[in-house]
Amino acid sequence: NTQNVRIIHEFHDVFAANDEYGSLRGKTVTLKELQTCPILMLDRKSTTSEFLHSMFQRHQLDLVPEIELTSNDLLIDLARIGLGIAFIPNFCLSEQTCDLFAVQTEEELPERELVIAYNEQVLTSKAAKEFLSFFD
């Protein structure tokens, strides 16, 4: 088999908010309740966007994001100033984002994987092989 996939990291997505949404802290909310808040997320072309849209559709809900961007860092910045609730991977929350909290949802958000997919027959560069060795 020449097609290979390596799992780099397993993670969960979270809805991250600042204290402007402090009424949600410590509560468990439904996706329907989150629909009433401005949702900040990656743009429609991303797999994260497809994932969240399908999650809402499975619960017969229509997701209309307030803002769609191409960067999790920008989503975090906008959430930090209170423009909405950002949908980001949990590994994006850190000591630098301690002013944000993860909103607990009633609907469980499934675990996802960050992967590297490659074809051994095309993998000719020494740099690419060295890069992959970091994940052995």
Item checked: Hydrophobic cluster membership, L132 vs V5, 4.5 Å side-chain cutoff -> no
Notebook entry, point to check: Can V115 be reached from Y118 by stepping across I, L, V, M, F, W or Y side chains whose heavy atoms are under 4.5 Å apart?
Noted result: no
Using every non-hydrogen atom in the two residues, find where [X] and [Y] come nearest and quote the distance to one decimal.
X	Y	value
L31	E107	N-OE1, 3.0 Å
L63	M41	CD2-SD, 3.7 Å
F11	P89	CD1-CB, 3.8 Å
M55	L109	CE-CD2, 3.3 Å
G82	Y21	O-OH, 3.7 Å
T28	T105	CG2-C, 3.7 Å

Next item on the list: Go through L69 and L42 one step at a time and tell me if the side-chain contact (heavy atoms from CB on, under 4.5 Å) criterion holds.
Entry: CA-CA 5 Å; L69 297 169; L42 291 176; 5.6 Å; no
In Å, rounded to the nearest 0.5 Å, how long is the span from [atom1] of [X] to [atom2] of [Y]?
X	Y	atom1	atom2	value
I76	C92	CD1	SG	4.5 Å
E113	E10	CD	CD	5.0 Å
L78	E66	CG	CD	10.5 Å
D43	I67	CG	CD1	13.0 Å
E106	K27	CD	NZ	11.5 Å
N90	S94	CG	OG	11.5 Å

Please examine the side chains of [Y] and [X], heavy atoms only from C-beta on, and report whether any two atoms are closer than 4.5 Å.
X	Y	result
V64	D62	yes
H9	F91	yes
P65	H53	yes

Quick one: which of [options] gives a side chain to side chain contact (heavy atoms under 4.5 Å, CB included) with [X]?
X	options	answer
I85	V14, N18, L24	L24
F15	L100, I88, L52	L52
F87	T48, L34, L40	T48

Next item on the list: Validate the cation-pi geometry between R112 and F51: distance from NZ or CZ to the six-membered ring centre under 6.0 Å, angle to the ring axis within 45°.
Entry: yes
Next item on the list: Inspect the surroundings of CZ in R44 and state if more than 12 heavy atoms from other residues, nucleotides or ligands are less than 6.0 Å away.
Entry: no
Checklist line | E108 CD: over 12 foreign heavy atoms closer than 6.0 Å | finding: no
Checklist line | Intermediate values then yes/no, side-chain contact (heavy atoms from CB on, under 4.5 Å), E50 and S46 | finding: CA-CA 6 Å; E50 289 176 22; S46 70; over 6 Å; no
